[in-house]
Structures are given as structure tokens and as C-alpha cells.
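One structure below.
Please read all numbers here as calculations on a predicted model, not as lab measurements. Nothing fancy with the numbering, it's 1 onward along the sequence.
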Amino acid sequence: MHQPTEFAQEGRTILPDLIRSFAIIGIVLVNVQLFAFPAEASYFKNAYVTPMDKGADALVNTFFLAKSFALFSFMFGAGLGFQMMSAERKGVSFGPQYARRIVGLLVLGLLHFCFFFTGDILIIYALLGALLYAFRNATPKKLIIAGIILLAVQALIFWLLYGTFFAMEIFAAGEYEAMAVEINEGIAKSVAIFEEGSFWEVAVYRFSELPFVLAILGFQGAAVFAYFLIGLAAVKTGIISDPHAKIWHKLRWISFPVGVVANAYGAYIISQSTVMMSPQTFLGMAIIFTFAPFLAFGYAGWIALLAQGSVGPIKKFLARGGTATLTAYLMQ
């Protein structure tokens, strides 16, 4: 069996840091459109006016949407495993340490949401991270099976949304139009507050939107927790520290091409829609969320190939961003 590749002077396995680094780069590419426009107007409000705009959006949806956060979540679950192993080596109690980290993550998430970015995921991570603790002693097999089931549930949620909006467009056109009017009124109110309100008025307004935003982010909750579980399983089996493990070869040559083709098709469907809450948009999203795991884990397979061999200055540089992902995420 091959020994894990490590930073020569630091004793760190390089594969996890490379995965984290790739994930954080992908996350900022997905979120940058939310930084560039008012949050409610980021999608389908004449934001993309040129073929280059639309092409860039399609590329991001193909290669990063739901894939970057997948790897980020995968490594969060792996982080629990690493923390457990570290606590065991040091002979300290793991529960209180983990509780402090989860509470700290929740506080950071709330502050980040109110004062910086309404698309924050740290709150969801903190809530689901607390639940993940209950699975710390589960076997890798059970963790992987539960993760696959949850990924199927996540895909089903988006297929049901597609079916719901498809039926509404055909059988309840009046209600569909009324919902569109209500959404537009909400956008106008939000834009007015952000343009005319004081710093604290904007912060209070953002906090008032927390339940709604959590509900929206909750649509991805099943997938987030699935990746948590699979990441924990990856530590328990040891593959996350072994870039030569056979599973990585299979993922890069089987999972990766399937993921690219399917996600490109889903992104193309979304690119043809001009309305956010439309059957066409949700059809594209359903396809992407169904096949995002294929591409995300395909990426991990290729990153494992990069992690093989000696650790030179280029690999060290690429992996450096993965040593402080929370800081990198907040600084974005």
C-alpha cells in the first residue's frame, strides 16, 4: 500500500488541502455574481446582457455550481474525522471541543449573514454539523449508504419542484403570474432598502430575511449532510489520506465524464430561461443536482492524481489555500 503524500516539513497529508483549495476557488466563482448585483437581482433580471455574460454563467453552472460546495461539504465531514483522530492522539475529550467549534461557527455565520453576505452557508453547516456528531461512531458502510440516500432525496426535491412549476404553468397560470408579481415586489423593496437605507437598516432587513434564506438554503440541506457523511467515511476508510487508492482512479475515469456531460446539459437548459422561478430553470437545476456528485467526486479523483508523488513548490502553493478555508471563505 502506498504511503500518503505529505508536506515534508509539516507532516500534513496534501490531498485534503488540495481538495479544500479547489473547492474554495470554485465557491467564489459561483458567488461572485451575488457580489456583483443585489442578491435578489443576481439571476434572470437582465444581469447577463451579452453572449459572453451568458456563456460565462453557463460555464460556472456546468463546472462549479453545486460541485464546489459539494467538495467543501465533503471536507467538512472529513474534518470531523480528523478532529476525532487528533483528540484521540492527544488523549483529550472531543465532545466539548467540537461543541465550541460548532457554536463559534454559528456565531460567525450569523454575523457574516447580517453584515456581509446573504448567501452564507456557515449557519447551515453549524446546524447540520451538530447533527453530524451523532454519526461519529457509524461504520463507513452505513455512512456511505446514508449519504447516497440523501443525495437521491436532494435530487428528488428538485425534480418535484420542476414538476410543481410545470403543473402550475399549465393548470394554474393565474397563481403563477401572481407569484411572479409578489417576487418582483419583494425585489423592489429589497433594492430600495439597500440603495436608500442606513447601514443598520440594511443589517436589520437582512436579519429579517434569515428564516426565508435558511428555507432556501435548506433545499440543499440533504446534499450538504450527505457530503458530510461521505467525508467522514473517507477518513474512517483512510482513502482521504491515500491519493493512490483505487477509488480515485474509478472516479476520474467514470464519474468525471458522466458528470461533465450531464451538468453541461443542465446548464444549457438554465441558460435558455429568462425567469428564475420557471419550469425550465428547475429542470436544469434538477439535472445539475442529480449529477453534481458525479462531477464533484470526479474532481476529487483528478486532484488525487495531482497529489501523488513528491510535494514541490507548485503543489505546496496550490494546497496552501486549503489550510485555512474558513478564513478564505470569509475573506472572499
**OP:** Count the heavy atoms belonging to other residues, nucleotides or ligands that lie under 6.0 Å from CZ of F166, then report whether that count exceeds 12.
**Re:** no
Subject >> Donor-acceptor under 3.5 Å (K236 side chain, T139 main chain) >> reply: no
**OP:** Output, in order, the C-alpha distance, side-chain angles, deciding distance and verdict of ring pair (Phe, Tyr, Trp, His ring centres under 6.0 Å) for W302 and W253.
**Re:** CA-CA 9 Å; W302 285 108; W253 290 111; 5.1 Å; yes
Original post:
Hey, is the main chain of Y268 close enough, under 3.5 Å, to the side chain of S271 for a donor-acceptor pair?
Top reply: yes
**OP:** Of all the heavy-atom pairs spanning L128 and G221, show the shortest one and how long it is.
**Re:** CD1-O, 3.6 Å
Original post:
Donor-acceptor pair, T237 side chain versus A233 backbone, under 3.5 Å?
Top reply: yes
Subject >> Any W159 side-chain heavy atom under 4.5 Å of T290 side chain >> reply: yes
**OP:** Measure across I287 and A262 and return the closest heavy-atom pair with its distance rounded to 0.1 Å.
**Re:** CG2-O, 3.4 Å
Original post:
Is S68 close to Y299 at the side-chain level, that is, under 4.5 Å between some pair of heavy atoms?
Top reply: no
**OP:** Check whether more than 12 heavy atoms from other residues, nucleotides or ligands sit under 6.0 Å from atom CZ of F115, and answer yes or no.
**Re:** yes
Subject >> Shortest non-hydrogen contact from A307 toward P243 >> reply: CB-CB, 3.9 Å
**OP:** Taking all heavy atoms of G298 and all of S255, pick out the closest pair and write down the distance.
**Re:** N-OG, 3.9 Å
Original post:
Can you find a pair of side-chain heavy atoms, one from L210 and one from I123, that are under 4.5 Å apart?
Top reply: yes
Donor-acceptor contacts under 3.5 Å from residues 94-113 side chains, at least two apart:
residue, atom, partner, partner atom, Å
Y98, OH, G129, O, 2.6
H112, ND1, D120, OD1, 2.6

Subject >> F22 side chain reached by L318 side chain, heavy atoms, under 4.5 Å >> reply: no
**OP:** May I ask you to test the P279-F282 pair for a side-chain heavy-atom distance under 4.5 Å?
**Re:** no
Subject >> CG on L71 to OG on S21, rounded to 0.5 Å >> reply: 11.5 Å
Original post:
E201 and Y205: side-chain donor and acceptor closer than 3.5 Å?
Top reply: no
**OP:** Answer with yes or no whether the hydrophobic clustering places L151 together with L156; edges join I, L, V, M, F, W, Y residues whose side-chain heavy atoms lie under 4.5 Å apart.
**Re:** no
**OP:** Quick one: do I270 and M285 satisfy side-chain contact (heavy atoms from CB on, under 4.5 Å)? Show the steps, please.
**Re:** CA-CA 7 Å; I270 293 175; M285 293 295 290; 3.6 Å; yes
Original post:
In Å and rounded to the nearest 0.5 Å, what is the CZ to CG distance from F74 to L232?
Top reply: 10.0 Å
Original post:
If you round to the nearest 0.5 Å, how far is CG of L59 from CZ of F63?
Top reply: 6.5 Å
Original post:
To the nearest 0.5 Å, how far apart are CG in N263 and NZ in K67?
Top reply: 3.5 Å
Subject >> Separation between CZ of R320 and CZ of F317, rounded to the nearest 0.5 Å >> reply: 10.0 Å
Original post:
Mind checking whether T62 and I288 have side chains closer than 4.5 Å, heavy atoms only?
Top reply: no
**OP:** Carefully, step by step, assess F297 and I230 under the rule side-chain contact (heavy atoms from CB on, under 4.5 Å).
**Re:** CA-CA 11 Å; F297 289 121; I230 296 172; 3.9 Å; yes
Original post:
With hydrophobic residues grouped by side-chain heavy-atom distances under 4.5 Å, do V60 and M52 end up in a single group?
Top reply: no
Subject >> CA sep, side-chain torsions, deciding dist, call: I24, R20, side-chain contact (heavy atoms from CB on, under 4.5 Å) >> reply: CA-CA 6 Å; I24 204 70; R20 292 189 190 101; over 6 Å; no
Original post:
When rounded to the nearest 0.5 angstrom, what is the spacing between OG in S273 and CG in L283?
Top reply: 10.0 Å
Original post:
So if you build clusters from Ile, Leu, Val, Met, Phe, Trp, Tyr with side-chain heavy-atom gaps below 4.5 Å, do I170 and L160 land together?
Top reply: no
**OP:** Taking the side chain as every heavy atom from C-beta outward, state whether T13 and I240 have any atom pair closer than 4.5 Å.
**Re:** no
Original post:
Hey, are the side chains of W248 and L305 touching, using non-hydrogen atoms and a 4.5 Å cut-off?
Top reply: no
**OP:** Report the C-alpha separation of I19 and L15 in whole Å, then their side-chain angles, then the decisive distance to 0.1 Å, and conclude whether the side-chain contact (heavy atoms from CB on, under 4.5 Å) test is met.
**Re:** CA-CA 6 Å; I19 294 176; L15 177 56; 4.0 Å; yes
**OP:** Please check if the side chain of K315 supplies one atom and the backbone of S310 the other of a donor-acceptor pair under 3.5 Å.
**Re:** yes
Subject >> Hydrophobic cluster identity match, L251 and V258, side-chain contacts under 4.5 Å >> reply: yes
**OP:** Would you name the heavy atoms of A296 and A70 that are closest together and state the gap between them?
**Re:** CB-CB, 3.8 Å
**OP:** Locate the shortest heavy-atom distance separating A222 from V153; write the atom from each residue and the value.
**Re:** CB-CG1, 4.4 Å
Original post:
Once the angle between the rings of F294 and F291 is folded into 0 to 90°, is it parallel (under 30°), tilted (30 to 60°) or perpendicular (over 60°)?
Top reply: tilted
**OP:** From the options Y133, F135, Y125, F69, select the one residue that forms a ring pair (Phe, Tyr, Trp, His ring centres under 6.0 Å) with F228.
**Re:** Y125
Subject >> Shared hydrophobic cluster for I144 and F76 (ILVMFWY, side-chain gaps under 4.5 Å) >> reply: no
**OP:** Taking only Lys NZ, Arg NE, NH1 and NH2, and the carboxylate oxygens of Asp or Glu, determine whether K54 and D57 approach each other closer than 4.0 Å.
**Re:** no
